[in-house]
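Read the structure below first, then the notes.
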2 protein chains.
Amino acid sequence: MSAKSKGKQLRFRCWIDIDGERFFGPGRAELLALIHETGSISKAAKAMGMSYKKAWTMVDGLNANGSKPYVISHKGGQQGGGAEVTPAGLKMLKSYQKLNKRLFSIVESNIDILKLI
Amino acid sequence: MSAKSKGKQLRFRCWIDIDGERFFGPGRAELLALIHETGSISKAAKAMGMSYKKAWTMVDGLNANGSKPYVISHKGGQQGGGAEVTPAGLKMLKSYQKLNKRLFSIVESNIDILKLI
DNA sequence: CAACGATATGTACGGATGGGTATAACGCAA
DNA sequence: TTGCGTTATACCCATCCGTACATATCGTTG
């Protein structure tokens, strides 16, 4: 159903693998940012149009494969529970966003490659 | 079977979409380069450990979705046939490789992000 | 104690992807 | 005219992946 974007697009993606498995990338970065905003995995997932399970799997991967947890979650309580991004998670997020911006500026300045098509 | 690479890796990828469909990227770039070297789609595919069918599908996509063909192929003949990369294909390939190098240098200089893990 | 909202987790289904196989067309060489 | 190597293309099947669905758990609140 997703109406695929029209026209020519120069795109890029940057990510981190650990032992060949995805550890951090644009999806997890956006998820982390939204968890930080909303204080909830499920709300963040909904905001991204992603299933809770997929979001949880991503969070679980971050916490399991890194040396420090990026998200702390709580069951039960006043609002039924919640989640918060740790300082380590925020630091990784910000560094990733910085790198992404640098890459974006390069890509942007090379848009002319599309004219070769 | 593929022994996934060990350790932390900072990776990136850059590609061109047309109407949301893959048009050009690292795989097609490598394929194009190998076709240019070997003069044959099947040899290039073999060199990449890729099936001929997949390689042909890529080449077909390049020729069908761009405004100019990137590969000209010949059936029959002395060696049974062959393929050559057009000047337009070579130009795109070189521009892509240039852009890729620029991006790589940025990524390389940001390797320290791996220490945050 | 019952309800609520969010975390946590397993299982089952369906679509997309990619590989394998098979086959045909083609043009030169022997 | 037969053989050869490559392009070109159809069809089937195994596998992977995402999504959906179904529960269970937990702790505060009323």
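Every value quoted in this text rests on a predicted model; they were computed, and no experiment measured them. Chain letters run A, B, ... following the sequence lines, proteins first and then strands; every chain starts at 1. These numbers come from the heavy atoms of this one structure, side chains and all, not from hydrogens, waters or symmetry mates.
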Any donor-acceptor N or O pair under 3.5 Å, side chains A:Ser42, A:Ser40
yes
Using a cut-off of less than 4.0 Å, is there contact between a side-chain N or O of [X] and OP1 or OP2 of [N]?
| X | N | result |
| --- | --- | --- |
| A:Ser40 | C:dT7 | yes |
| B:Trp56 | D:dT7 | no |
| A:Ser73 | C:dA8 | yes |

Please report the distance, rounded to the nearest Å, between [atom1] in [X] and [atom2] in [N].
| X | N | atom1 | atom2 | result |
| --- | --- | --- | --- | --- |
| B:Tyr52 | C:dT23 | OH | P | 18 Å |
| B:Gln78 | D:dT7 | CD | P | 15 Å |
| A:Gln79 | D:dC26 | CD | C1' | 14 Å |

Closest to side chain of [X], choosing from [options]:
| X | options | answer |
| --- | --- | --- |
| A:Ala83 | D:dT29, C:dT7, D:dA8 | C:dT7 |
| A:Lys75 | D:dT19, D:dT6, D:dT25 | D:dT25 |
| A:Ser42 | C:dA6, D:dA8, D:dC26 | C:dA6 |

N/O donor to acceptor pairs below 3.5 angstrom from side-chain atoms of residues 25-37 of chain A, sequence neighbours left out:
unit_1: A:Arg28; atom_1: NE; unit_2: A:Phe23; atom_2: O; d: 3.4

Which atom names give the shortest non-hydrogen contact between B:Ile117 and B:Lys8, and what distance separates them?
CD1-CD, 3.9 Å
Hey, which of these two, B:Gly49 or A:Val59, hits DNA chain C nearer its 5' end, going by closest nucleotide?
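It is A:Val59, whose closest nucleotide lies nearer the 5' terminus.
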Want to settle it: does A:Lys53 or B:Lys53 sit nearer the 5' end of DNA chain C, counting the closest nucleotide to each?
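Its nearest nucleotide lies further toward 5', so the answer is A:Lys53.
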